[in-house]
Amino acid sequence: MEETDILVDRQGHVAIVTLNRPQAMNAVTIPMCDRLTEACNELNDDHDVRAIVLTGAGERAFSSGLDLKANNLSDPKRRTPYRMLHFDDHAVARLRRLAKPVIVAVNGVAVGAGLGFAIAGDIRIASETARFSAIFSKVGMPPQDAVAAFLPQIVGLPRALEMILTARMVGAAEALEIGLVTELVPADRLMERALEIAATIAKGPPLAIAMAKQVVYRSLHKSVDDQLALQNLGTFINSAYAKHDIDEAVAAFSEKRDAEFTGP
């Protein structure tokens with residue numbers, strides 16, 4: 001993998017991660033996925049990073065999925081069957097487990113693994129030229145990259161099954177209609193808007209926001225009692241490690257000013 005296949009830049013408390021193979025429509029290679037996992041680990045441990053924007057380089061594609069030409073899946077130096085069973089190493093799993101919120105700026109086609117990366121994020125906005133497809137059946141495969149897990153949560157079971165079983169392309173307007181993305185913007189405003197959202201999140205109390213993300217995802221298949229227990233645990237952790245942010249919020253409200261949060 002070229003070191004530049006995954007770019008990581010920072011703007012204040014926001015990190016920008018770019019899939020950077022525009023000559024191949026940002027198709028992903030196995031080493032590229034490994035570098036994305038490494039980047040996620042680095043950003044997760046960086047206390048100065050409070051939100052992440054994930055996008056693709058160029059104007060044509062967010063990611064066209066796994067690069068079948070570049071990847072020799074049988075090469076034991078790349079990935080052994082035993083390592084493939086270690087699911088925590090998977091880039092999609094690491095994206096979803098990031099404590100920091102991930103805003104995905106979909107700048108073109110997002111198909112196959114590209115769709116998996118997009119829906120592993122927390123908020124998706126897209127350019128008006130974006131397109132999406134769970135294209136796996138067209139290459140003789142069942143859905144990969146956790147698409148079968150995440151897509152029904154986002155668009156509902158019937159629509160997810162229809163997308164997976166037909167492998168058809170979904171345009172930007174339909175993606176907005178079914179909730180696959182939350183906002184459409186002109187292509188030349190995509191990153192500006194994504195960074196606006198990220199900056200708004202980054203102004204908030206970092207630990208409370210991280211706990212909020214955990215509570216939401218972990219509550220998806222839990223009872224109300226389990227959800228309340230998890231909520232109480234999150235409140236305790238936040239109070240123990242970031243009480244100063246709670247005090248700052250109360251003071252800012254009383255003084256009619258914007259709060260300045262510092263995190264743990």
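Computation of the quantities below employed the complete heavy-atom set of this structure, encompassing side-chain atoms and omitting hydrogens, waters and symmetry-equivalent molecules.
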4.5 Å side-chain heavy-atom contact, [X] and [Y]:
X      : Y      : value
Leu184 : Ile125 : no
Phe117 : Leu95  : yes
Ile16  : Leu195 : yes
Ile197 : Glu183 : yes
Asn44  : Arg97  : no

(message) Is there a path of hydrophobic side-chain contacts, each under 4.5 Å between heavy atoms, that joins Phe150 and Ile52?
(response) yes

(request) Please identify each residue that fulfils side chain to side chain contact (heavy atoms under 4.5 Å, CB included) with Ala199, with sequence neighbours left out. (result)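 For Ala199, no residue satisfies side chain to side chain contact (heavy atoms under 4.5 Å, CB included) once neighbours in sequence are set aside.
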
Answer yes or no: are there more than 12 heavy-atom neighbours, outside [X] itself, under 6.0 Å from its atom [atom1]?
X      : atom1 : answer
Glu42  : CD    : yes
Asp45  : CG    : yes
Glu260 : CD    : no
Lys213 : NZ    : yes

(request) Indicate yes or no: does Arg10 engage Asp46 in a salt bridge with an N to O separation below 4.0 Å. (result) yes

(message) Between Glu128 and Arg189, does any NZ, NE, NH1 or NH2 come within less than 4.0 Å of an OD or OE carboxylate oxygen?
(response)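 Looking at Arg189 and Glu128, the cut-off is not met.
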
(request) Please assess Thr29 against Arg21 for the test side-chain contact (heavy atoms from CB on, under 4.5 Å), listing each intermediate value before the final yes or no. (result) CA-CA 10 Å; Thr29 63; Arg21 295 185 72 221; 3.6 Å; yes

Less than 3.5 Å apart, which donor and acceptor atoms pair up between the side chains of residues 151-162 and the rest of the protein, not counting sequence neighbours?
residue	atom	partner	partner atom	Å
Glu162	OE1	Arg168	NE	3.3
Glu162	OE1	Arg168	NH2	3.4
Glu162	OE2	Arg168	NE	2.6

(request) Determine, step by step, whether Ile103 and Ile201 satisfy the side-chain contact (heavy atoms from CB on, under 4.5 Å) criterion, reporting the C-alpha distance in whole Å, the side-chain angles of both residues, the deciding distance to 0.1 Å, and the verdict. (result) CA-CA 10 Å; Ile103 298 92; Ile201 293 171; 3.9 Å; yes

(message) List the residues meeting side-chain hydrogen bond (donor to acceptor under 3.5 Å, both in side chains) with Thr182, not counting sequence neighbours, and say none if there are none.
(response)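 If we apply the side-chain hydrogen bond (donor to acceptor under 3.5 Å, both in side chains) test to Thr182, skipping adjacent residues, there are no hits.
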
